[in-house]
Amino acid sequence: MIVTRYFDSDTDLQSEIARLLINRNLVPIFGSGFTRGCKAHSGTVPSGDDMKNFLVKTVAEAFGESEEEYSSMTFSALCTLFDKKTTPAVKYSYFVDNFTDVKLEALKIRFLSLDWSYIYTLNIDDAIERNCNKYHVILPHRDFSEQYLASFYTLFKIHGDVHSYLKYPSENIVFNKRQYIDSLRTNKKMLAKFKEDFCDNNLLFVGCSLSDEPDLMSVIVDELRANSSIRNTYFVSHKELTKAEEILLEDYGITTCVVVADYNVFYQTIITLAENRSSMRTAFVDFYREPSIITVSQAQSDLRFLLNSNNLVPQPFDKTLHKPYFFISRSVSLDVLDKLTMNCPIHIIYGNRISGKTYCLFDMYDKVKNQDRYFFPSGSGFTAKMMDELLQKRDSFFAFDTDCLTAEQIYRIIDKSTELGAQGNRVVITINTSDRYGVDLLVEHKRYKVTKIPNRFTDDEMAGVNRILQNSNMPTFAFREKRTNALGRQHFVSRTLLDNLYEISLRFAKSHTAYVMPDLSKITDREQLATLLILATKHSISSNDMFYFNINSECAEFASLYPSMFQFTYCDSTPTRADSKRQLIVNARYHLLKSLGKLVDDDALHQKISNAYRYIYDCIETNEDPFVVSRRMLDYIKFDVINDIFYAKKPLVSLIKFLYEQLEPQMNVNPQFKHQRAKSILWLGSDSLDEIREARRYVELAIYDTENDLSRSGNKKLRISLEHTKYTFAIIMGRICSLNAYSDMSDMIAALDAYEDALFCEANQDELIALQSRTTERRIIEDLVGLFEQFKDTSIKIEDFQRQRAANIAQRLNCM
């Protein structure tokens with residue numbers, strides 16, 4: 001039912017609309033009524049009715065019949081006849097005269113200049129972008145970058161742009177009936193964006209009749225019943241609606257008819273209210289200022305709390321952080337705080353998933369007492385304007401959890417290092433190691449410092465947390481266990497934090513019905529399994545990705561069937577993401593990973609897993625430019641990512657091999673895919689010389705192809721990728737030499753060349769430090785030391801300069 005409200009006398013309505021605008025929760029859609037009557041190139045902009053009258057007259061003349069014959073036709077049908085019966089010269093003249101060089105009144109320009117995140121228009125004229133040049137046009141029927149939308153004010157021209165239509169013969173506007181139908185297919189991404197806003201935003205229709213908009217209707221109709229968001233869709237009108245008009249507009253999801261006596265009064269009132277509110281620029285950033293810390297009692301810090309992966313930062317975020325009874329400080333927290341200085345005010349913490357990054361970030365936030373503190377939970381998103389505001393703060397401590405910042409935003413913060421230090425600010429950012437695009441940026445080490453957090457406790461930390469757990473009758477953690485191998489030899493195996501959570505969950509959770517988790521390993525449907533894989537890889541699924549991968553129903557079903565496991569989070573009046581207002585999150589992610597691991601155990605299910613990955617690939621291929629499809633897909637099938645989300649050992653070898661074989665026809669165009677195949681063979685394959693040589697073939701191809709791409713583009717990220725690939729090549733060559741008992745001198749020289757080339761470059765400084773400190777993989781160290789031993793052996797015939805070169809490298813690596 002549509003509620004009618006009278007704008008001039010309803011001050012609550014005026015404040016409501018202004019508040020939603022200020023909080024960036026209101027998206028305007030402008031129709032022909034907004035520009036009707038405005039002066040254009042050699043005429044005036046017509047309204048929908050004006051244009052329909054023109055079409056009736058022109059079509060009637062073309063057929064030599066009376067106008068009455070065509071007056072009852074729909075607008076889109078008349079456009080079809082006009083398009084087919086009118087000469088190109090007549091059409092060109094009509095559109096130039098009435099839709100170009102449009103001049104808007106000053107009040108409308110001020111209304112457009114308010115801080116809308118972005119706007120939509122159903123018009124093809126150039127009024128908005130010509131008179132308010134802060135807006136950048138997004139054309140229909142094309143792909144567009146989500147990062148661009150977050151960085152600039154944008155104008156979505158749903159039905160096309162007159163200048164593109166006039167300049168390019170192949171360019172269409174949505175004008176006739178066939179073009180409306182075609183737009184449902186060709187304008188899929190823009191309509192999906194509109195659908196997302198219809199579901200998750202408040203909408204304001206200004207100057208729209210909505211009498212014949214089948215493309216908008218198509219994306220709205222499916223959501224009218226399913227959507228449960230509490231939101232409003234305002235329809236601004238100069239008169240009350242008739243009963244018939246109400247019925248028709250309900251199909252467009254209109255909830256409120258805003259009756260205005262004078263549109264100029266409407267524009268001026270909203271402008272005045274918006275400009276007078278000083279909170280307009282600070283709503284987002286200040287929402288995350290000084291969240292309170294609630295100390296959770298011993299009785300409440302129970303097994304349920306321990307096994308809930310979102311216990312520290314409640315979801316949805318409510319400006320509180322929960323500190324459990326069993327909380328202990330990690331040594332890395334104090335180390336990072338000590339290194340934050342005026343000269344180096346930025347520190348980046350990176351590590352594996354579930355390694356304690358968020359707890360360390362909280363620990364530092366808790367310890368800082370002399371600055372304004374800001375805590376941004378995982379998934380918060382920033383536009384360029386929000387970042388501008390943040391960087392103006394002084395004497396502040398900023399804590400950014402994973403997935404808050406894009407790579408470009410991290411770069412921007414780094415570029416402001418000097419200014420941040422001078423303003424007395426300190427910044428800590430956390431990044432997942434499987435987030436390759438983020439880790440690739442951490443190579444400069446000049447204007448910031450970097451610390452890797454281990455996913456295991458130190459002996460002191462383990463003892464400390466276990467004392468607390470024992471005192472509260474909780475299961476303790478075990479970070480080492482003694483095992484006996486097939487030869488009867490005993491050895492110690494280390495456990496990670498994640499290993500301990502699994503063990504505790506499996507042993508104790510089932511004895512309490514409140515802790516029982518759904519058996520997700522029974523899910524083998526392709527789309528549902530793809531949804532689980534996306535959740536495991538990305539931590540959450542935004543509403544934008546739900547449309548992107550066409551998994552709206554799967555996400556809704558998970559949230560409905562397993563409410564303790566999955567839930568939707570909604571933003572309040574302060575948006576917490578730049579790109580989406582709703583996301584599906586996992587409340588117990590380690591259980592999700594364990595369930596996926598069970599799938600790996602059954603070889604018969606590997607094809608179903610492959611089918612789910614292929615579904616993800618097909619969706620990316622549908623939505624992206626051909627040149628970026630394989631690069632986007634790598635985010636899901638990188639060796640480190642797959643190895644991270646499938647908690648299994650031996651079966652994982654065959655799964656990854658199978659996945660790469662299945663995807664090779666589509667993915668092999670990407671050098672990094674070859675790199676991933678090489679890494680999978682290196683780390684998961686047997687010690688077969690033939691297999692390792694196959695890995696060498698893949699990685700050499702990856703290096704060759706990446707060097708060619710780099711020579712063409714000069715892209716900095718490609719340079720970083722190349723250096724990482726060269727490091728993998730060096731490790732593979734060291735393994736080949738070791739497996740071949742150092743019997744091939746040409747391989748030994750090639751390995752020495754590879755180590756020297758890979759280890760002493762900026763991008764691989766972390767690997768170099770790990771080798772020097774002996775904290776890298778044992779096999780890497782043994783292969784490298786074995787190689788140096790051969791060059792030291794005077795009984796082996798080796799050229800003196802090669803022997804000396806090896807000695808110099810060994811000395812630099814502390815391998816003498």
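Note: hydrogens, waters and symmetry copies are ignored here, and every other heavy atom, side chains too, is used.
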Quiz item: What do you reckon, is NZ of Lys57 surrounded by more than 12 foreign heavy atoms closer than 6.0 Å?
Solution: no
Quiz prompt | Heavy-atom donor-acceptor pair, Lys189 side chain to Phe144 backbone, under 3.5 Å | solution = yes
Self-check item: Face-on cation placement of Lys108 at Phe34 ring, 6.0 Å and 45° thresholds
Solution: yes
Exercise. Flag this pair as yes if the NZ/CZ of Lys52 is under 6.0 angstrom from the six-membered ring centre of Phe75 and inside a 45 degree cone about the axis; otherwise no.
Key: no
Quiz item: Using the ring of each side chain (for Trp, its six-membered ring), is Phe558 parallel, tilted or perpendicular to Phe566, with breaks at 30° and 60°?
Solution: parallel
Quiz item: Excluding sequence neighbours, so at least two apart, what forms ring pair (Phe, Tyr, Trp, His ring centres under 6.0 Å) with Tyr548?
Solution: none
Practice problem: Can you establish whether the number of heavy atoms outside Lys239 located under 6.0 Å from its atom NZ is more than 12? | Solution: yes
Quiz item: Hey, are Asp545 and Lys538 close enough for a salt bridge, meaning a charged N less than 4.0 Å from a carboxylate O?
Solution: yes
Practice problem: Mark yes when over 12 heavy atoms from residues, nucleotides or ligands other than Lys39 sit less than 6.0 Å from its NZ; otherwise mark no. | Solution: no
Practice problem: Would you kindly say whether Asp126 and Thr100 are connected by a side-chain donor-acceptor distance under 3.5 Å? | Solution: no
Quiz item: Any idea how Tyr267 and Phe111 line up, ring-wise: parallel (<30°), tilted (30 to 60°), or perpendicular (>60°)?
Solution: tilted
Self-check item: All ring pair (Phe, Tyr, Trp, His ring centres under 6.0 Å) counterparts of Phe54, not counting sequence neighbours
Solution: Phe82, Tyr94
Quiz prompt | Short side-chain donor-acceptor distance under 3.5 Å, Tyr6 and Glu240 | solution = yes
Practice problem: For the residue pair Ser47 and Asp50, confirm or rule out a side-chain donor-acceptor distance under 3.5 Å. | Solution: yes
Quiz item: Going by atom types only, do Asp197 and Tyr118 share a side-chain donor-acceptor pair under 3.5 Å?
Solution: yes
Self-check item: Partner residues of Tyr617 under the ring pair (Phe, Tyr, Trp, His ring centres under 6.0 Å) criterion, sequence neighbours left out
Solution: none
Practice problem: Using only heavy-atom distances, determine whether the side chains of Glu527 and Thr531 contain a donor-acceptor pair under 3.5 Å. | Solution: no
